[in-house]
Chemist: 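Take a look at the following structure, please.
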Amino acid sequence: MYTMGIDVGSASSKVVILEDGKEIVAAEVIQVGTGSTGPKRALEQALSKSGLELEDMAKIVATGYGRFASEEADKQISEISCHAKGIFFLVPTARTIIDIGGQDAKAIRLDNRGGVKQFFMNDKCAAGTGRFLDVMSRVLEVELSEMAEYDSRATEPATVSSTCTVFAESEVISQLSKGVAKENIIAGVHQSVASKACGLAYRGGIEDDVVMCGGVAQNEGVVRAISKELKRPVIVAPNPQITGALGAALFAYQEAKKES
Ligand code: ADP
């Protein structure tokens with residue numbers, strides 16, 4: 001039996017096709033999200049990679065910020081539930097999840113059966129989210145995928161003290177014009193994101209294992225900064241951008257099984 005999870009995010013679109021609730025047969029990411037052609041392209045790519053048709057899907061669940069725009073979905077489920085489901089499937093020892101996406105950041109506490117005990121979310125402000133890093137990457141003229149490498153060469157991380165993305169952008173421009181090395185500015189930017197994410201996580205109390213997901217988890221500089229701040233190891237979920245879509249595909253499997 002095949003099921004599909006579609007995660008229509010603010011920054012990217014993700015589709016996972018699952019066989020019998022166990023095996024991932026396709027996991028596609030398109031780096032544009034809701035309101036774009038991203039969801040359709042991710043879906044078409046996943047079907048063509050797996051050699052399957054939409055009709056082969058027993059059930060389809062959509063999640064993410066733009067989940068209600070998905071025409072193909074039989075049901076919509078929140079990202080909190082879907083990330084929890086996807087992460088627990090991949091890392092059953094996970095008890096604290098930190099998810100940093102395009103326009104929000106979340107800390108989720110799990111019980112030992114994978115249920116959501118508590119969650120805390122920042123979706124009011126771009127600081128501490130992927131958007132903050134996107135803005136800084138543009139100002140610094142460093143690709144997102146290169147930010148971690150720059151950070152690893154930092155000798156004296158700069159302080160990025162503004163809690164507002166617009167002011168922080170001015171702060172970074174000012175540091176650049178004073179000749180502060182990009183490596184040190186980037187390390188400061190990563191610390192700023194880490195301290196906001198950890199602030200959310202502290203609110204629910206931290207329990208090991210701590211697992212990170214969301215697009216920003218691909219930035220090892222942010223992962224290192226979070227691990228340092230929390231004083232404990234942080235596990236990065238395999239393919240961290242697709243965990244919400246995976247959770248949605250797992251829920252779809254549960255639904256399909258219930259009905260059959
Ligand atoms: P959403 O689910 O809200 O659409 P994602 O979880 O896909 O968001 O995360 C999007 C963010 O991930 C982007 O804003 C960007 O900062 C970050 N990102 C995407 N790709 C990379 C990469 N290769 N390296 C580092 N960061 C990345």
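One-based numbering, in listed order, for ligands and for the atoms of each.
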Chemist: Output yes when the distance from some N or O of ligand 1 to some N or O of G9 is under 3.5 Å, and no in every other case.
Modeler: no
Chemist: Output the list of atoms in ligand 1 that are nearer than 4.0 Å to some heavy atom of G214, sorted by atom number.
Modeler: 6 (O)
Chemist: With no hydrogens and no angle check, is any side-chain donor or acceptor of D111 less than 3.5 Å from a backbone partner on K117?
Modeler: no
Chemist: Nearest protein heavy atom to atom 6 (O) of ligand 1, by residue and atom, and its distance?
Modeler: G215 N, 2.8 Å
Chemist: Under 4.0 Å from a heavy atom of G102: which atoms of ligand 1 are those, numbered in the order shown and with their elements?
Modeler: 1 (P), 3 (O), 5 (P), 8 (O), 9 (O), 10 (C), 14 (O)
Chemist: My understanding is that only one of T96, D99, I100 makes a side-chain contact (heavy atoms from CB on, under 4.5 Å) with M212; could you say which?
Modeler: I100
Chemist: List every atom of ligand 1 that sits less than 4.0 Å from any heavy atom of Q241, numbering the atoms from 1 in the order shown and giving each element.
Modeler: 5 (P), 7 (O)
Chemist: Among all protein non-hydrogen atoms, which one is nearest to atom 4 (O) of ligand 1, and what is the separation to 0.1 Å?
Modeler: A11 N, 2.7 Å
Chemist: Got a donor-acceptor contact below 3.5 angstrom from the D208 side chain to the R95 backbone?
Modeler: no
Chemist: Show, in sequence, the C-alpha distance, side-chain angles and deciding distance for S70 and Q76, and conclude whether the side chain to side chain donor-acceptor pair (under 3.5 Å) test is met.
Modeler: CA-CA 9 Å; S70 172; Q76 284 80 18; 5.6 Å; no
Chemist: Measuring from E207:CD to R109:CZ, what's the distance to the nearest 0.5 Å?
Modeler: 4.5 Å
Chemist: Which atoms of ligand 1 are found less than 4.0 Å from any heavy atom of S12?
Modeler: 4 (O), 5 (P), 7 (O)
Chemist: Please confirm whether the backbone N or O of I60 pairs with a side-chain atom of D74, one donor and one acceptor, at under 3.5 Å?
Modeler: yes
Chemist: Quick check for you: to the nearest 0.5 Å, what is the distance between I17 atom CD1 and I24 atom CD1?
Modeler: 11.5 Å
Chemist: Yes or no: does G33 have any heavy atom under 4.0 Å from an atom of ligand 1?
Modeler: no
Chemist: Atoms of ligand 1 less than 4.0 Å from D134 heavy atoms?
Modeler: 13 (C), 14 (O), 15 (C), 16 (O)
Chemist: Report all side-chain donor-acceptor pairs from residues 244-255 shorter than 3.5 Å, counting only partners two or more places apart or in another chain.
Modeler:
from: E255; atom 1: OE2; to: K75; atom 2: NZ; distance (Å): 2.9

Chemist: Are any of the N/O atoms in L133 less than 3.5 Å from those in ligand 1?
Modeler: no
Chemist: Report, one line per pair, each donor and acceptor closer than 3.5 Å where one atom sits in a side chain of residues 128-147; sequence neighbours left out.
Modeler:
from: T129; atom 1: OG1; to: A126; atom 2: O; distance (Å): 2.6
from: T129; atom 1: OG1; to: R131; atom 2: N; distance (Å): 3.2
from: S137; atom 1: OG; to: V142; atom 2: O; distance (Å): 2.9

Chemist: Applying a strict 4.0 Å limit to heavy atoms, is K14 in contact with ligand 1?
Modeler: yes
Chemist: Output the list of atoms in ligand 1 that are nearer than 4.0 Å to some heavy atom of G130, sorted by atom number.
Modeler: 14 (O), 16 (O)
Chemist: Which protein non-hydrogen atom lies closest to atom 21 (C) of ligand 1, naming both residue and atom, and how far is it?
Modeler: Q218 NE2, 3.5 Å
